[in-house]
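Numbering starts at 1 and runs along the sequence shown. Predicted model only: the values in this text are computed from it and were never measured. Counting convention: from 1, in listed order, for ligands and their atoms alike. Heavy-atom basis, side chains included; hydrogens, waters and symmetry copies ignored.
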Amino acid sequence: MPTDFAATRAAFALPEDVIYLDGNSLGPLPRAAAARVAECVTKEWGEMLITAWNRAGWMDLPRRLGDRIGRLIGAAPGTVVLGDTLSIKVYQALASALEMRPGRRAILSDTGNFPSDLYIADGLVRTLGQGYELRTVAPEAVEAAITPDVAVLMLTEVDYRTGRRHAMAALTEKAHSAGALAVWDLAHSAGAVEVDLTGARADFAVGCTYKYLNSGPGGPAFIYIAPHLAPQARPALSGWLGHEAPFAFDPDYRPGAGIERMRVGTPPILQMAALEASMDIWDRVEMADVRARSIELTEAFIKGVEAACPDLTLASPRDPAARGSQVSFRHPEGYAIMQALIAQGVIGDFRAPDILRFGFTPLYTTMEDVEGAVAILKRIMDARLWDRAEFKARAKVT
Ligand SMILES: *Cc1c(COP(=O)(O)O)cnc(C)c1O
């Protein structure tokens with residue numbers, strides 16, 4: 001059945017006077033989330049108390065939700081688990097992958113990767129010592145840099161700033177033929193573009209749920225390991241809930257079955273209750289429909305902005321196949337322009353040094369939103385409405 005986007009939009013609580021183009025950073029509130037979280041608080045926590053770990057199924061939630069996300073990213077049931085934040089999941093995936101390639105010391109990534117992924121890799125390299133190194137090259141130069149000394153290729157599929165999309169299957173194949181493993185960060189892919197981890201033969205993947213998947217601020221991340229590798233993966237963060245039998249309270253660590261070993265500690269139950277409300281919406285959605293609509297929206301936005309605002313320069317790939325579900329434009333006064341847009345109800349965000357970033361999320365973004373945003377942006381640019389001191393003072397979060 002084709003996805004009913006009018007129904008999915010109606011399932012989100014969006015303010016009347018806002019055009020929300022930042023679901024790539026923080027997804028909006030699913031209408032059912034408040035009631036689901038309240039139920040979890042009052043009925044489960046409140047009445048069942050500690051027995052809810054069994055009676056409300058809390059202990060299995062990270063796996064059950066992992067399977068529901070798995071459908072959106074081409075991962076078989078039982079290969080995805082939730083918990084912690086994305087930065088932690090990057091650490092876990094990278095550490096386990098490196099251990100599977102003893103004798104090699106290089107992590108290859110690109111300069112467009114999200115800083116946290118690179119900081120985490122850098123920290124891990126420092127902890128490991130022994131000549132480990134993080135190598136970064138320009139996104140376009142990655143393929144040529146996959147040399148036989150690379151242990152792990154670690155990339156974010158869709159660039160958070162430009163929306164440029166790596167060719168996951170081709171780069172994974174290149175990594176494998178060079179004897180390396182591939183770790184993919186799907187922060188800007190899960191729920192944004194069609195992903196086929198199984199088909200691409202990805203080794204590890206990680207991603208967050210508070211962006212396109214709408215679990216709310218601080219929602220847990222997810223991690224995937226290819227089923228043939230999971231039994232060999234040694235968890236670097238060997239917490240008790242990744243143990244084969246947590247309630248045996250065994251002094252020796254034995255990794256849990258398959259992906260379960262990537263669990264660390266107590267999962268965030270309230271946050272996962274919010275995610276359940278969002279996944280009830282996602283369960284009725286086909287990623288092929290989302291992708292097709294996303295391309296219509298981003299194409300229309302690029303065309304509209306380029307016609308209306310000649311001072312803005314497209315920073316995203318022009319070819320829709322080469323970008324994710326966001327569109328970025330550059331302008332030296334990008335920060336002030338974005339603040340002026342937000343003041344007029346069009347919410348996107350700014351990424352240093354000069355990027356205005358707009359996310360398109362077909363579950364609730366409409367063509368009217370695109371047209372409205374272009375019209376307001378044109379007014380701001382034509383009348384230089386951004387040129388005011390109040391729009392130039394940088395806030396903590398941009
Ligand atoms: C959003 C994002 C993160 C954020 O990590 P958290 O630990 O969830 O704060 C990390 N990596 C990438 C690629 C991201 O887009």
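Both the sub-6.0 Å distance and the 45° axial angle are not jointly satisfied by Arg9 relative to the ring of Tyr364.
Residue Lys89 places every heavy atom at 4.0 Å or more from ligand 1.
Note on ring orientation: taking the six-membered ring where Trp is involved, the planes of Trp58 and Trp53 are perpendicular (angle over 60°, cut-offs 30° and 60°).
Distances below 4.0 Å separate heavy atoms of Asp117 from the following atoms of ligand 1: 10 (C), 11 (N), 12 (C), 13 (C). Near Ser87, the atoms of ligand 1 lying under 4.0 angstrom from a non-hydrogen atom of the residue are 5 (O), 6 (P), 7 (O). Interface of Ala187 with ligand 1, defined as ligand atoms under 4.0 Å from a residue heavy atom, comprises 12 (C), 13 (C), 14 (C), 15 (O). Residue Lys211 has at least one heavy-atom neighbour below 4.0 Å for each of these atoms of ligand 1: 1 (C), 2 (C), 3 (C), 14 (C), 15 (O). Close contacts between ligand 1 and Tyr210 involve ligand atoms 1 (C), 4 (C), 5 (O), 6 (P), 8 (O), 9 (O) [criterion: under 4.0 Å to a heavy atom]. Heavy-atom contacts of Asp185 reach the following atoms of ligand 1: 11 (N), 12 (C), 13 (C) (cutoff under 4.0 Å).
Not one N or O of Thr156 is nearer than 3.5 Å to an N or O of ligand 1, by distance alone. Of the polar atoms of Tyr160, none of the N or O atoms is found under 3.5 Å from an N or O of ligand 1, judged by distance alone. Distances between N or O atoms of Asn113 and those of ligand 1 include no value under 3.5 Å. Ligand 1 has a nitrogen or oxygen under 3.5 angstrom from a nitrogen or oxygen of His188.
What you find for Met287 and Val193 is that their closest heavy atoms are CE-O, 3.4 Å.
One hydrophobic cluster holds both Leu213 and Leu14 under the rule that ILVMFWY side chains link at heavy-atom gaps under 4.5 Å.
Between Arg293 and Glu286, none of the side-chain N atoms (NZ, or NE/NH1/NH2) sits under 4.0 Å from a carboxylate O, so this pair counts as no salt bridge. Between Asp110 and Arg164 there is no salt bridge, since no side-chain N of the basic residue sits under 4.0 Å from a carboxylate O of the acidic one.
At distances below 3.5 Å, not a single donor-acceptor pair connects side-chain atoms of Arg263 with backbone N or O atoms of Arg63.
With respect to Phe350, the ring-ring contact (aromatic ring centres under 6.0 Å, His included) criterion is satisfied by exactly one of Phe329, Phe358, Tyr335: Tyr335.
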